[in-house]
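Notes to accompany the following structure.
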2 protein chains.
Amino acid sequence: MEDGTFESPGYSTDTCADPFVWDTREDCDVRQILDRIADKWSLLVIALLDTRSLRFSELKRAIDGVSQRMLTVTLRQLERDGLVSRTVHPVVPPRVEYALTPLGSSLHETIQSLVAWTELHQDDIARARQRYDDAREPQSV
Amino acid sequence: MEDGTFESPGYSTDTCADPFVWDTREDCDVRQILDRIADKWSLLVIALLDTRSLRFSELKRAIDGVSQRMLTVTLRQLERDGLVSRTVHPVVPPRVEYALTPLGSSLHETIQSLVAWTELHQDDIARARQRYDDAREPQSV
DNA sequence: CTGTATCCCTCAAGATACTG
DNA sequence: CAGTATCTTGAGGGATACAG
């Protein structure tokens, strides 16, 4: 298992010496899952749910700009992927709790690392953008 | 009424007391940068460029399914954000090399961790999806 | 409260063609 | 080779209304 970088999936007879090319095919599972996880809303939901389980309305309030529809869609996808669990409390005003599953929790560390990086370097990026824009658009207005 | 859910932190001030709620606002830098980095193609480009610098056509070939346009757009964004450098060699057949900047390199570890997680758990996810789909669609056609 | 269903529209992105 | 420019499409996602 630790025999190398990322085990190059033998999906074809190409250069097996590739270090980081996990899989270049579009339909591969990794690409597909990556797209799901790296999703705008998924990322936020997972990060929020690590603190504690949250109700639908709590999530909606916590995530500025998310529509009811997109939150529902996102939660369904995460539930389907086994990252989030959905618990319905059969009370009069419906109460639904969302929580990370163990699988979802295992993702959280990575996501936090991504968020941490972003927080740490947001100024660098802002400066880089400034520099780039200045260089490309010297004509003011 | 106090927003009890997440102590709505003084956004104007700092959020140093919050564990994971980096910022809930839509227009915040972190959210914006996150969207950029977590982008479908950006992720792949950054991962690929860590190995070595690559030419435009090499990237295009390495990333299955990316259109010329999207690769160009992605590279421009990454360049603007200071994550990728672009070097034009003034030779007859134009030769443009893309490489990670130090800032881009610092991101790579995190991205690899995300990819590694995905590779590690893709089977779990596939099973979870199977279970979910089986439960929701018992009526076979 | 927690959704589902519908309509509708924007904008991301693919295809194509053309330049340096 | 490495783009840029244009056109077109379609799917993502918002708004709204309704149901359990």
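Numbers restart at 1 for each chain; the letters A, B, ... are given by sequence-line order, proteins then strands.
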Any side-chain donor near an acceptor of the partner, A/S53 and A/E97, under 3.5 Å
yes
Separation of atom CD1 in A/I63 from atom P in D/dG13, rounded to whole Å:
13 Å
Taken to the nearest whole Å, NE2/B/H89 to C1'/D/dC1 is 13 Å
With a 3.5 Å cut-off and just heavy-atom distances, do the side chain of B/Q68 and the base of C/dG14 make a donor-acceptor pair?
no
List the steps and the verdict of side-chain hydrogen bond (donor to acceptor under 3.5 Å, both in side chains) for B/T110 and A/S113.
CA-CA 6 Å; B/T110 297; A/S113 137; 3.1 Å; yes
So, is A/R76 near the phosphate of C/dT4, with a side-chain N or O under 4.0 Å from OP1 or OP2?
yes
By side chain to side chain contact (heavy atoms under 4.5 Å, CB included), A/R76 pairs with (sequence neighbours left out) A/T72, A/E79, A/R86, A/Y98, B/Y132
Provide, to the nearest angstrom, the distance between the CE atom belonging to B/M70 and the P atom belonging to D/dA2.
19 Å
Side chain of B/V96 only, heavy atoms from C-beta on: which candidate in C/dG3, C/dG14, D/dG3 is closest?
D/dG3
Here the distance between atom P of D/dA2 and atom CG of B/L59, to the nearest Å, is 9 Å
Taking only the side-chain heavy atoms of A/S67 (C-beta and beyond), determine which of C/dG3, D/dG14, D/dC1 contains the nearest atom.
D/dG14
Given Watson-Crick and G-U pairs under 3.5 Å, DNA chain D in dot-bracket ([ ] crossing, | other strand) is ||||||||||||||||||||
Reading DNA chain C from 5' onward, which residue's closest nucleotide shows up sooner: A/R55 or A/R69?
A/R55
Does a side-chain N-to-carboxylate-O contact under 4.0 Å join A/R80 and B/D133?
yes
Could you tell me whether the phosphate oxygens of D/dC1, OP1 or OP2, come under 4.0 Å of any side-chain nitrogen or oxygen in B/Y98?
no
Strictly by modelled atom types, are B/Q130 and B/D134 linked by a side-chain donor-acceptor pair under 3.5 Å?
yes
Given atom NZ of A/K40 and atom P of D/dA11, what is their separation to the nearest angstrom?
20 Å
A/E109 atom CD: more than 12 heavy-atom contacts under 6.0 Å
no
Nearest-neighbour nucleotide for the A/F56 side chain, C/dG3, D/dG3, D/dG14 considered
C/dG3
Atom CD of B/E58 and atom P of D/dG3: how far apart are they, to the nearest Å?
13 Å
Phosphate OP1/OP2 of D/dA2 contacted by B/S57 side-chain N/O (<4.0 Å)
yes
So, are A/D124 and A/R127 salt-bridged, with charged N and O less than 4.0 Å apart?
yes
Spacing of B/R86 atom CZ relative to D/dC1 atom C1', expressed in whole Å
12 Å
Using whole Å, what does the distance between atom P of nucleotide C/dT2 and atom CZ of A/R95 come to?
8 Å
